[in-house]
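Since the structure comes first, as structure tokens, the remarks are kept for the end.
Lettering follows sequence order; numbering is per chain, from 1. Only heavy atoms go into these numbers, but all of them, side chains included; no hydrogens, no water, no symmetry mates.
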Amino acid sequence: MFNRIVINCLSDISIEGSLFSGQTFRWRLIEEMPEYFVNIINSIPIIIRQLKMDIFEAYYETETTTESELSELITTYFQLELSPDNIFPEMFSRHYPEVWQKMKNYLTLRVLRQDPFETLITFMCAQGIGMQIIRRQVETISRIYGKERSVFFNGREVTLFSFPTVSALAEADPEKLSRCTNNNRTRARNIITAAGSISQGKLDFKKLQDKSIPLEELRNELCKLGGIGFKIADCIALFGLGRMDAFPIDTHVKQYLGKWFGIGADPGSLTPATYLKLDAEARTIMNPCFAGYAGHILFHCWRCEEKRLRTC
DNA sequence: CCCCAGGCTTTTC
DNA sequence: GAAAAGCATGGG
């Protein structure tokens with residue numbers, strides 16, 4: 001049995017933009033119910049639908065959770081207590097009016113606060129590969145190593161899979177897991193090793209959630225894991241550890257920094273040195289403590305407006 | 001066969 | 001140390 005809560009936001013919010021902009025790869029639509037998005041978070045099935053610009057509704061199973069628990073979960077997940085007013089500096093719209101025109105429609109996108117482990121694994125699947133394939137990998141991993149969970153909503157059975165536990169992936173067979181990771185065995189092995197170092201306590205997300213840890217230190221800690229470089233580390237920091245100052249730079253970000261802001265226009269590959277240089281320069285045009293938040297909005301805008309790419 | 005996709009690792013100078 | 005080459009896989 002499902003109950004419903006209504007969430008009033010302090011500012012306009014785009015649910016679809018937030019869930020389908022390439023920060024989470026696990027949400028999907030319910031068949032034949034085009035407005036309803038569904039996922040399992042913290043083992044809790046959640047269905048949400050946008051009602052107005054600043055209002056959405058969330059459904060929860062009364063057997064699984066309570067209204068107050070869900071309300072808290074939603075507030076955290078969408079970072080609703082965060083005011084998006086100061087994401088871009090005051091001067092931004094005057095300095096870059098053309099970019100601002102394109103981008104202002106994307107300001108309702110919210111950067112999510114996701115589970116660190118899920119963020120770690122999903123972004124390990126995101127190297128040199130298209131968004132559709134990333135989504136496919138995450139779906140397959142969840143289907144094979146997660147727990148199946150069926151719910152009934154509006155007379156319809158919806159089958160969901162929770163994201164796998166740490167131990168499920170730590171104990172996975174490399175060969176079997178590689179069939180989930182686009183047949184990439186190196187990636188499969190890296191995922192197993194990463195999950196292993198978490199279950200052994202070598203990597204402790206509880207410690208890494210401490211916001212007083214400098215970004216550079218956090219990044220270096222995550223980079224100790226095989227298969228993780230600056231970019232993936234920054235994604236984990238931004239989307240999984242609530243570090244809005246982390247600014248992941250990939251091929252798209254590099255492109256818009258050059259085209260829109262004249263930063264690092266050289267077409268060469270993204271070496272660690274260029275990465276750090278671009279990172280530092282990007283912070284001069286945006287609010288450093290929200291660089292990652294702003295970057296994700298620009299990222300989504302760039303892909304939609306300039307490249308006409310789909311994220312799902 | 002080319003290039004591209006939300007890069008990372010190893011080799012080489 | 002930092003730059004260059006190598007690596008891995010599917011899709012258009």
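When heavy atoms are screened at a 4.0 angstrom cut-off, His296(A) is found touching base atoms of the nucleic acid. Base engagement by Gly128(A) is indicated by at least one non-hydrogen atom pair under 4.0 Å involving a base atom. Contacts of Ile228(A) with the nucleic acid, taken as non-hydrogen atoms under 4.0 Å apart, involve only primed sugar atoms and P, OP1 or OP2. Residue-level contact check: Arg303(A) touches the backbone only, with heavy atoms under 4.0 Å from sugar-phosphate atoms and none from bases. Across all strands, Pro272(A) comes closer than 4.0 Å to no nucleic acid atom at all (heavy-atom distances). Within the nucleic acid shown, Gly227(A) comes within 4.0 Å of sugar-phosphate atoms alone, with no base atom in reach, counting heavy atoms only. Ile232(A) comes within 4.0 angstrom of the backbone, heavy atoms only, and of no base.
Listed pair Thr186(A) / dA8(C) fails the phosphate criterion, with no side-chain N or O lying under 4.0 Å from OP1 or OP2. For the pair Arg136(A) and dG11(C), the criterion of a side-chain N or O lying under 4.0 Å from OP1 or OP2 is met. Contact between the side-chain N/O atoms of Asn182(A) and the OP1/OP2 oxygens of dA8(C) is not found at any separation under 4.0 Å. When the side-chain nitrogen and oxygen atoms of Lys307(A) are compared with OP1 and OP2 of dC4(B), none of them lie within a distance under 4.0 Å.
The OH-P distance, from Tyr275(A) to dC8(B), rounds to 8 Å in whole Å. In this entry the distance linking CZ of Phe25(A) with C1' of dA5(B) reads 12 Å, nearest Å.
One P atom belongs to dG6(C), the other to dC3(B), and the distance between them is 15 Å to the nearest Å. Going from the P atom of dG6(B) to that of dA5(C) covers 25 Å, rounded to whole Å.
Side chain to side chain, Lys231(A) and Gln127(A) fail the donor-acceptor criterion of an N or O pair below 3.5 Å.
Of the candidate nucleotides dG6(B), dG7(B), dG11(C), dG11(C) has the atom nearest to the side chain of Ile133(A).
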